[in-house]
Amino acid sequence: MSTTASDPLATLGSLPGVPDAVDSVRKAVDRVYGHRVMRRRSNEVTAEAALRGSRGSAALAGADWNLEEVRRRTDFSGEDEARTVGAALRLTAEAGQLLSIWRQSPLRVLARLHLVAAGGAAPDDAVGRPRLAGESVDEPLIEARLPGADEVAGRLEGLSHLIIAGTAAPALVTAAVVHGELLALRPFGSHNGLVARTAERIVLIGSGLDPKSICPAEVGHAEQGRAAYVAAFEGYTTGTPEGLAAWIAHCGRSVELGVRESTAVCEALQRGAA
């Protein structure tokens with residue numbers, strides 16, 4: 001991610017293919033927000049989107065459960081997969097409570113997200129803070145180079161400054177960069193993917209693109225598959241215009257697939273089937 005321009009995120013919005021992705025996402029979001037079900041039953045759509053988004057994020061973290069199993073279960077302790085699903089559900093529920101804090105203190109929000117995700121599963125002194133030199137990271141899906149603790153601290157601070165300062169970049173671009181940067185840094189000892197995808201959700205909601213949180217990008221990331229997710233992320237880590245544009249486009253497609261999912265929910269509610 002370049003930091004040479006005064007608003008580096010805005011410069012990414014003009015990369016080849018990105019304006020088209022931004023326009024396509026905006027049109028898709030506008031369509032689902034215009035659905036007649038959203039006039040009276042938007043809370044139900046939001047709740048269902050939260051559940052499906054949590055399931056999608058957990059699937060990318062290695063717990064690919066059937067939606068009905070996620071809906072049915074009440075105990076998410078015990079085996080690793082159950083704890084992963086539980087962490088995803090807790091993070092989705094927490095995201096909406098942190099919107100007002102994000103623009104003033106994104107690092108505080110990230111610390112809170114890790115605390116919520118860990119849920120007492122990690123040593124107390126390792127929860128809610130960036131990892132220290134020599135500390136390991138449990139993130140089996142991502143095999144990219146792991147930055148050292150000093151690099152993590154510096155890049156987190158840079159990301160925080162960009163968010164606090166504000167940007168003219170489209171919401172999709174900002175969300176994709178926040179997501180990609182957190183995956184690249186893996187600042188915590190665990191749950192980095194879950195935290196990164198929740199931060200993406202927070203940006204999309206807080207930006208006004210998806211204020212009711214009915215367009216779960218996590219659904220689309222999971223639907224495109226873990227291999228495509230990793231391949232697109234590897235493009236982000238190259239820092240090349242082509243790689244960055246491919247990652248942003250991948251995130252845009254994920255939002256569109258989330259829109260498709262919520263549109264289906266709206267149709268089912270309209271038919272009285274959900």
Side-chain angles (χ1 to χ4, degrees), residues 1 3 8-9 46 49-50 53-54 56-58 60-61 84 86-122 124-132 135 137 139 142 147 149 151-167 169-218 221 236 251 254-255 258:
M1 182 179 63
T3 58
L9 296 183
T46 296
S54 298
S57 191
L60 287 172
T84 296
L89 289 166
R90 291 193 301 273
L91 284 170
T92 300
E94 189 75 10
Q97 311 302 314
L98 299 172
L99 295 173
S100 62
I101 304 171
W102 175 254
R103 283 296 301 273
Q104 283 74 44
S105 184
L107 297 185
R108 181 181 164 196
V109 169
L110 294 175
R112 174 61 185 170
L113 291 176
H114 187 242
L115 182 68
V116 169
D124 289 347
D125 64 351
V127 173
R129 63 156 174 79
R131 54 188 168 81
L132 304 177
E135 291 184 334
V137 173
E139 199 68 47
I142 304 300
E151 182 180 349
V152 168
R155 286 171 65 177
L156 278 178
E157 194 64 31
L159 184 64
S160 176
H161 285 325
L162 287 174
I163 293 166
I164 292 170
T167 176
L172 171 64
V173 172
T174 304
V177 168
V178 167
H179 184 171
E181 193 71 354
L182 292 175
L183 276 186
L185 295 177
R186 280 148 288 161
F188 304 110
S190 62
H191 302 96
N192 289 288
L194 292 173
V195 168
R197 290 183 288 276
T198 305
E200 178 185 49
R201 172 184 284 268
I202 288 172
V203 173
L204 293 171
I205 299 169
S207 67
L209 177 65
D210 181 23
K212 294 183 182 294
S213 191
I214 61 166
C215 307
E218 304 96 323
H221 287 304
Y236 176 87
C251 291
S254 295
V255 175

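- Residues Asn192 and Leu183 form no side-chain contact, since every pair of their non-hydrogen atoms from C-beta on lies 4.5 Å or further apart.
- To the nearest 0.5 Å, the span separating CG on Leu110 from CD1 on Ile202 amounts to 7.5 Å.
- Considering all non-hydrogen atoms of both residues, Arg131 and Pro147 come closest at NH2-O, 2.7 Å.
- Taken from CD1 in Ile214 to CG in Leu204, the straight-line distance is 12.0 Å, to the nearest 0.5 Å.
- For residues 94-104, the set of pairs meeting the salt bridge (Lys or Arg N to Asp or Glu O under 4.0 Å) definition, not counting sequence neighbours, comprises Glu94-Arg112.
- No side-chain heavy atom of Ser160 sits under 4.5 Å from any side-chain heavy atom of Arg108.
- Taken from CG in Leu194 to CG in Leu60, the straight-line distance is 9.0 Å, to the nearest 0.5 Å.
- The shortest distance between side-chain heavy atoms of Glu181 and Tyr236 falls below 4.5 Å.
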side-chain contact (heavy atoms from CB on, under 4.5 Å) between Val178 and Leu159, worked out: CA-CA 8 Å; Val178 167; Leu159 184 64; 4.3 Å; yes
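- Closest heavy-atom contact between Leu132 and Ala149: C-CB, 3.8 Å.
- Residues that satisfy the salt bridge (charged side-chain N to carboxylate O under 4.0 Å, His left out) test with Arg201, not counting sequence neighbours, are Glu218.
- Within the 4.5 Å cutoff, the side chain of Ile205 has heavy atoms near those of the Leu99 side chain.
- Scored by the salt bridge (charged side-chain N to carboxylate O under 4.0 Å, His left out) test, Arg129 finds Glu135 as partners (sequence neighbours excluded).
- Ring-plane geometry between His114 and Phe188 is classed as parallel, the angle between the planes falling under 30 degrees on a 0 to 90 degree scale with a further cut at 60.
- Every residue was checked against the salt bridge (charged side-chain N to carboxylate O under 4.0 Å, His left out) condition with Arg90, not counting sequence neighbours, and none meets it.
- Between Val255 and Asp210 the shortest side-chain heavy-atom distance does not fall below 4.5 Å.
- For residues 191-200, no residue pair satisfies the salt bridge (Lys or Arg N to Asp or Glu O under 4.0 Å) rule, not counting sequence neighbours.
- Residues Val116 and Val195 have side chains not in contact (no heavy-atom distance under 4.5 Å, counting atoms from C-beta outward).
- Of all heavy-atom pairs between Leu156 and Pro130, the closest is CD1-CG, 3.9 Å.
- In this structure, Ala88 and Ala58 approach most closely via the heavy-atom pair CB-CB, 4.0 Å.
- Evaluation of the side chain to side chain donor-acceptor pair (under 3.5 Å) rule for Gln97 yields no partner, not counting sequence neighbours.
- Using a 4.5 Å heavy-atom threshold, the side chains of Thr174 and Ser207 count as separate.
- With no hydrogens or angles considered, no side-chain donor-acceptor pair links Thr46 and Ser213 at under 3.5 Å.
- The side-chain heavy atoms of Leu98 and Leu113, taken from C-beta on, include a pair separated by under 4.5 Å.
- Using modelled atom types, one finds no donor on one side chain facing an acceptor on the other under 3.5 Å when comparing Thr84 with His191.
- Summarising the geometry, atom CG belonging to Leu107 is positioned 7.0 Å from atom CD1 belonging to Ile164; distances are rounded to the nearest 0.5 Å.
- Closest of all the heavy-atom pairs between Cys251 and Leu172 is C-CD1, 3.9 Å.
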